[in-house]
Amino acid sequence: MSQLDTLKSAIKDRLGELECVIGWEQGYDPLHATPLFIRTEADLDRLIIGPLAVHNLATYLTAYKGKKIGVVVKGCDSRSVIELLNENLISRDDLVIFGLCCDGVVSQRKIRAALPADPGFVEAVDISANGLKITVAGQTAMLNMTDILADKCRTCQHPNALISDVLIGENRQSASSTSLACQEEFEAKSDAEKFAFWQETMSRCIRCYACRNACPMCVCRDYCIATSRDPLWVSQDNSPAENFMFQMIHVSHLAGRCTECGECERACPVDIPLMLLRRFMNKQVQDVFEHQAGTDLEQTPPLLTFKVEEERINERGW
Amino acid sequence: MQIFDLAAADHAFIAEVQARSHQDIKTCYQCGNCTAGCPYTFAYDYSVSQIMRLIQTGQKDAVLKSRSIWLCGSCQSCTTRCPNNIDVALIMDVCRHMAREAGYATERAVKVFADSFLNSVSRYGRAFELGLMTEYMARSGRIFTDVDLAPSALMRNKLPFKPHRIQGRDQVARIFERFRKGGAHA
Amino acid sequence: MPAQDVRELRIVGFLCNWCSYGGADTAGVGRFSQPTDLRIIRVPCSGRIDPLFIVRALLNGADGVLVSGCHPRDCHYAEGNFYARRRLELLKRFLPVTGFDARRFEYTWVSASEGQRWQHVVTEFTRRIHELGPAPNFNPASEMDWNALALHAAQGQTCPCHG
Amino acid sequence: MRIGVFICHCGSNIAGTVDCPSVAATALTYPDVVFSTDTMYACSEPGQDAIIQAVKEKNLDGVVVASCTPRMHEQTFRRAVERAGLNRYMFEMANIREHVSWIGKTKDLNTNKAAELVRMAVEKLRRNRPLFAKRFETVKRVLVIGGGVAGIQAALDCADGGQEVVLVEREQSIGGKMAKLDKTFPTVDCSSCVLGPKMVDIAQHPNITLYTCSEVESVGGYVGNFQVTIRKKATYVDWSKCTGCGLCVEKCPSRKHPDTFNEGLCTAPSINIPFPQAIPKKAAINAASCIMLTKGKCGVCAKVCPVKCIDFEQKDELVTVDVGAVVVATGYDLFDWHKYPQYGEGRYKDVITSMQYERLLSASGPTGGHIKRPSDGKEPKNVVFIQCVGSRDRSVNRPYCSGFCCMYTAKQAILTKDHVPDSQSFVFYMDIRSPGKMYDEFTRRAMEEYGAQYVRGRVSMIYPQDDKLIVRGADTLAGTQVEVPADLVVLAVGAESARGAVQLGEKLRVAPDQYGFFVESHPKLKPVETNTAGVFLAGACQGPKDIPASVGQGSAAASKVLGLLSKKELESDPAVSRVNPGRCVGCGKCVQTCPFGAIKMIEDRFGNPKAEVIDTVCQGCGICTVTCPQGAIQLEHFTDNQILAEVNALCPPKMFANFE
Amino acid sequence: MHNIAYYPGCSGQGTSTEYDRSTRAICQALDIALTDVEDWSCCGSSPAHTVNHVLSAALSARNLAQVEAMGMTRVATPCPSCLSNLRTATHKMKDPDFQSKANALLDTPYRNTVDVQSVLQVLAEHVDPEYIKSKVVNPLTGIKIACYYGCIMNRPPALMQFDHHENPMAMDNLMAAIGAEVVPFPLKVECCGASFGIPRGDIVHKLSGKLLDAGRRLGADCFVTACPLCQMNLDLRQGQINDALHENFKIPIFYYTQLLGYALGLDRAELGFEKLCVDPRRALGKIKQPAQTR
């Protein structure tokens, strides 16, 4: 039985007790997936998994608070679930988790860049272990998986769901590399270069809040302080500084909580590389608090606790 | 006794002592601990703590002309026990430097001995005891200094008749030469 | 209002009421002279200081931000500075990726009795900020700069990740 | 909003380096400011009246005063605006004295800074809103920590004032340092004759519960409602039965451990009553030296005890009490003179501390009140006293004056002559500090009537020569070195903070200064208050003090406690956190971080979890406000918007709109 | 095996050759390899620092630069005066301003990479006392010794960073380890009169006389010292002291290295007892022979 069939049958077994089960289906063309809310067995036919199933479905969980639902998660998505559970934002009793062992997902951005021109509507996609064969307007292009793999998958340390009621597939190895060249390159730049980079990038930001809305950990929703008058942290002025302030709020509220699923960056319509901020912050959290969000059900987010003697914080000589 | 005009304090002198010694003269509260521990007090004209006081009140002449600054043996007892962490022995040293530069030598024999010693070093690279004694006796006029010890010392071969001339004595001589030219202060 | 005088840079201080604000008062009572650049915002506890206040100040053009609270273990509210230490340390370490010079932000501990220490902290931090000079504006300073930036952004630019 | 601004000159304190009229003029250009003036002394009665008058005449609904630190006069001005009919929180202060005029020398920079601080205050005030205090009841009981003379006085005064008192003492008996003293200055009356009756009063007072051999384990709660846990350490004697007959003390075969009450001058039995006047007069076992407790055999005391009160199985016990106020009277410790190696570091037996000398002088001491030197029991003829051992000495980190050593040394010199008429005392001193009633006269008597030879200078070293100790010091008045061949050297050791003071301060949230003495709320105006409401200081825990000052402070602290607890209810500070239930998502992060347990989770009418603040428990630290990502819980008077307004006042954002 | 650069100091070539030789002998016996600083020169001694600190530092630094040129990082000297000068130079030259001034006087600049210790410190801190005990062949049983350290071996403590500044014990421990009875000499760090012997002999007579008196009161058979200048003042000038103070001291003043060498059974010729002015034979005679001890 294929992984997909095993998953379908597992969902079928539990569907009766659940409001719905969240998975993926094909979107507007064969290259794009979209979330699928499975309510009946008939819906199950449309379920897909694999490299196109990019969405972190944990993002939807808080909206179903109080209802019993199921969710399909990849390894990275499962970290978000754990973090939400640790922060009491969802209840374990109301959740059935179908965990996957994941081989990685694609970056649509990289696919677009790898194709000679914007493909528009894709006619067919043939998925193999090596890559994707994409047919657009009768023309076929073969894209290597290594070229189009999402950044987060290149350094993925948790390919298998860390929490699940049903785990499907065989355990996958975590990636050997833990660092990304683009991240290191950026961090090595001078303050002035980085400053100029964000100035420019933030002048592109249209503050559509797609990054926030896609984020599984952004649970404030309608009460985000970036869009409130009381408190009034960010003005309506569309200036780089105000846009950056919003991003700083986002990064600050994710400190010690971000599971690095990459949804913010994926959702950004103007291609702002938000993960530069996330990955750097997470590295600091790891360095100071030896904490990696969403990897352990017993952990306390580092900013909600303290130690009297902080071994890794040095008094600066004043 | 000498009467000091406190209004005529030499502030430049105070500042110079402080700058050269990197010590804060004002922190001395005259507890006398330096004097209490100083083995040389019996030979001084002003006790150590009085020297400190005279510096505090800017009495340059009294300090630089005193015997005490020449008779300090740099034994560090004052520095070690000062409740205010003042390096008193260093201040005594600095006063002696300033007295030399000002041309004072109230304890002339002490100065001549130091000069003779350094001349010896400058000449041979190392101290040549018999040589420096000779120079000292000639320059101080105290030709009978320690003659009583000579037989005892000579009998035991404690005083070589020839200086040890080191190869790098030119290097050592150049140290003195550059020092005299540059007049390095510190 | 921006620092009006070229002799001054804009330094914002966030001080807890019980220790550091008291320490600054003690320095004042002792007439320990200090540079005038610093403007102090009083908060009850260093635990009240949201790192985002500091970010806000920097984005608004502050040249330096100084935070001071009670020494660890001495917090009037027992634990406030322990939380503050974590939050502020993380901000301090995070700033480099934003391009803000992390030296423009500092946090330390000064008790109500440490007037001289406060004088030292203020003097040293102000000296540091003057060495760094005025902070660059995140928002363009003139209309022309605005237009240049907009043009540059519109032309698209090379992003390190999506190259 | 209609805001009035008052710029105080504070005489020349502010006006000396700040152009106050110009600041007032600038303030008038700020938003909502309708009235602005400068005033000579804003805190004076005419100054306050002028504020009240302006509020009424100009119809103000908010006031900014720019003057000294709010830590000084915020309350004063809040009361003033309240008298003017405004809510007391519709007031802000700009600190242009401690933070401007006293630290900056350049007038134009100071003036600009003052104007900006006023702007900041105005911007904050524009976002203030009236706040109203809640009332809560207080527990009518007081905890006194420390049973020295200050604690005894505080306990008795509180008890006489009708409050219940719990007195906790670390040692076996109350009495503290004073109980060890032979006589007291400047009257040379017997210490135990003065203190003894007070100790008995403690034992007999119906309002006082005494715990000795006990320490404060933890403190929770807040003014009016503290919860205190006390650890009663095991004494291995059931004190409810012990009659203090002393039979066990007599028979105990283990008598080798140093007698701490006698400052180690002699040894004590392992079961002991420290001194005849001890309160409570009960025996206790020293577990470290007791043969039964260390080796498992002996039990002589248990056999001889007529009431069978020995209990080798006894364990520490924790007792919890609720109190409305706390008096800290933990006293001081003596400087460890071994930090002066030049005094022999203990190699010379006849170099002793002043407290050891008290025990030698005391009739209840190990020598029965005869001065015998430790090395050979001989009566000393030349006795040298060295003052400032561990005082006024930066090299041992004790730059402060301990205050009482000059006086007790004079007393000991006098007593030395009384005890040994053909003796000669030498006192090495730096300065004589005797500013008290009859104090200086007393030191003069030591010199004039008792012939004590006062030598102005420190002692550099002590070394033995035959059976004498050569004390080499300075006589700075003679300008030279001096030596005294002494039979006994008494070191006037200074005071340092009591061991454990810093840890106790952490429990009570009372900050120690850099030397471990507790910091009072204000050095002049609030000498016994601390910055933690309901916690008061008495005696030498706040700084070195002699007996009269300690007793005075004990009474002062008691009067503060009685004043506090005389109110039926207390008002809580309304500057506490408040939850906006609309924004709260019920994640409970605020509950998790609150150090006081002041936030609880409730359900709204739709069954959604929401946070709620318990007003009287909240201390107003604001940790929760920073924790909440939605900004749903805001610390009143220090809300995000209020602080952001201050930030924006100092660093106005550069708006795109500015260029349009 | 420790390999350390060795700076003998000028007096080791003259008035205190026995100290130099016995030091070399015991170091060899205790597996400490000493390599002489090549073509070393005088550190300047007290006269230099009383004239100028830069000059003094430069004279010392020339030797320390020689040590650097030898590729070594530790130098030991038997003489406290040299020790004090070398360490002071090292300390002062941590200040870059001072360092450049001192280096300006030198042909070869000193980079300040050398740690300076006394031979006594090397013995006290790097040689196991049990090891020394195991090598003793003539235990000093029966002799009473006053250990005299002199004023600058341990002071000021912040600079010297060795042993105790009021009651040093390094020599006491060494002497006890080789079987001697050590009296609690109270004036271990009092000054003997230092270099005033020649210009102001009266000072030395008084100060050294006081030391001899304190030793005699404690019944010491002899002194041991670690300082050539102290030794000279107490030994060579003992006759002058007796004349000046109308005393009759006959207390031999050993270098600690001589007695240590004696206990280790080293060749007498290396120990130079014959160089002492006050006849040591009576004191040495107090030592019980091994046969008697058994």
Side-chain angles (χ1 to χ4, degrees), chain C residues 1-2 4-5 7-8 10 12 14 17-19 21-22 24-29 31-36 38-45 47-51 53 56-57 59-62 70 73-80 83 87 111-114 119 137-143 146, chain D residues 68-72 95 97-106 108-110 112-113 115-117 119-120 124 502 505-506 509 511-514 519 531-532 575 593 595-596 619-623 625-627 635 637-638 640 643-644 646-656 658-660:
Chain C
M1 73 202 71
Q4 288 177 344
D5 194 298
R7 288 170 287 172
E8 269 189 4
R10 176 51 27 119
V12 180
F14 293 92
N17 176 52
W18 302 98
C19 290
Y21 197 91
D25 284 350
T26 306
V29 173
R31 311 297 201 274
F32 302 148
S33 72
Q34 297 154 43
T36 51
L38 179 73
R39 309 284 185 263
I40 294 171
I41 295 176
R42 181 169 70 128
V43 292
C45 176
R48 173 65 189 94
I49 299 165
D50 196 323
F53 288 139
R56 183 76 261 184
L59 277 171
N60 282 11
C70 308
R73 292 172 187 274
D74 288 349
C75 177
H76 181 72
Y77 303 103
E79 298 174 354
Y83 287 104
R87 295 163 179 164
S111 80
S113 59
E114 294 176 321
Q119 178 192 33
N137 285 315
F138 199 84
N139 275 348
S142 70
E143 190 163 5
W146 274 100
Chain D
C68 51
T69 171
R71 287 160 55 94
M72 178 87 128
N95 182 350
R97 193 178 75 177
E98 282 83 350
H99 292 188
V100 181
S101 69
W102 277 353
I103 59 165
K105 295 198 176 79
T106 320
D108 60 334
L109 292 180
N110 278 358
N112 179 42
K113 181 172 177 179
E116 290 191 22
L117 294 186
R119 164 140 201 168
M120 213 168 84
K124 167 144 196 288
V502 173
E506 282 173 23
R509 301 196 297 279
D513 66 15
Q514 57 183 314
V519 177
N531 280 334
T532 299
T593 54
F596 306 101
Q619 300 292 296
C621 64
I623 295 174
T625 309
V626 184
T627 305
L635 175 60
H637 213 56
F638 293 97
D640 284 348
I643 296 173
L644 284 167
E646 292 178 279
V647 172
N648 288 331
L650 294 176
C651 324
K654 288 182 186 59
M655 307 276 277
F656 183 50
N658 289 359
F659 301 109
E660 286 178 340

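Throughout, protein chains are lettered first and strands after them, A, B, ... in sequence-line order, and every chain is numbered starting at 1. In this text, all values refer to a predicted model and were calculated from it rather than measured experimentally.
Residue D:K113 touches chain C through both its backbone and its side chain, counting heavy-atom pairs closer than 4.5 Å. Contact of C:L59 with chain D is not made at all, since no heavy-atom distance falls under 4.5 Å. When heavy atoms are compared at a cutoff of 4.5 Å, C:T36 approaches chain D by way of both its backbone and its side chain. Residue C:F14 touches chain D through its side chain alone, counting heavy-atom pairs closer than 4.5 Å. Contacts of D:L635 with chain C are made by side-chain atoms alone, with heavy-atom separations under 4.5 Å and no backbone atom involved. With a 4.5 Å cut-off on non-hydrogen atoms, C:A24 touches chain D through its backbone and its side chain both. C:R87 touches chain D through its side chain: at least one heavy atom from C-beta onward sits under 4.5 Å away, while N, CA, C and O do not. At a 4.5 Å heavy-atom cutoff, the contact between C:N17 and chain D is made by backbone and side-chain atoms alike. Within the 4.5 angstrom heavy-atom criterion, no atom of D:S101 approaches chain C. At a 4.5 Å heavy-atom cutoff, the contact between C:S33 and chain D is made by backbone and side-chain atoms alike.
For D:N110 (side chain) and D:G104 (main-chain N/O), a donor-acceptor pair under 3.5 Å exists by modelled atom type. At distances below 3.5 Å, not a single donor-acceptor pair connects side-chain atoms of D:E646 with backbone N or O atoms of C:I41. C:R39 contributes no side-chain N or O that, together with a main-chain N or O of D:L117, makes up a donor-acceptor pair within less than 3.5 Å. Side-chain atoms of D:R509 come within 3.5 Å of backbone atoms of C:H76 as a donor-acceptor pair (strictly under, hydrogens ignored). Checking side-chain atoms of C:T26 against main-chain N and O of C:E114 turns up no donor-acceptor pair under 3.5 Å.
Between chain C and the options D:V100, D:V647, D:I643, D:T625, heavy-atom pairs under 4.5 Å are most frequent for D:I643. Taking D:C621, D:P512, D:P595, D:A575 one by one and counting their heavy-atom pairs under 4.5 Å with chain C, the maximum is reached by D:C621. Ranked by heavy-atom pairs shorter than 4.5 Å toward chain D, the options C:F138, C:W18, C:Y21 are led by C:Y21. If you tally non-hydrogen atom pairs under 4.5 Å between each of D:T627, D:L644, D:T593, D:V502 and chain C, the highest count goes to D:T593. Chain C forms more heavy-atom pairs under 4.5 Å with one residue of D:A511, D:G620, D:G505, D:C68 than with any other, namely D:G620.
The two residues C:G80 and C:C75 come nearest to each other via the heavy atoms N-SG, 3.3 Å.
Taking 4.5 Å as the limit, every side-chain heavy atom of D:E98 sits out of range of all side-chain heavy atoms of D:R71.
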Working for side-chain hydrogen bond (donor to acceptor under 3.5 Å, both in side chains), residues D:N95 and C:D25: CA-CA 9 Å; D:N95 182 350; C:D25 284 350; 3.1 Å; yes
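Relative to the ring axis of D:F638, C:R48 does not place its NZ or CZ within 45° and under 6.0 Å from the centre.
Applying the ring pair (Phe, Tyr, Trp, His ring centres under 6.0 Å) rule to C:Y83 yields the partners A:F306; only residues at least two apart in sequence or on another chain are considered.
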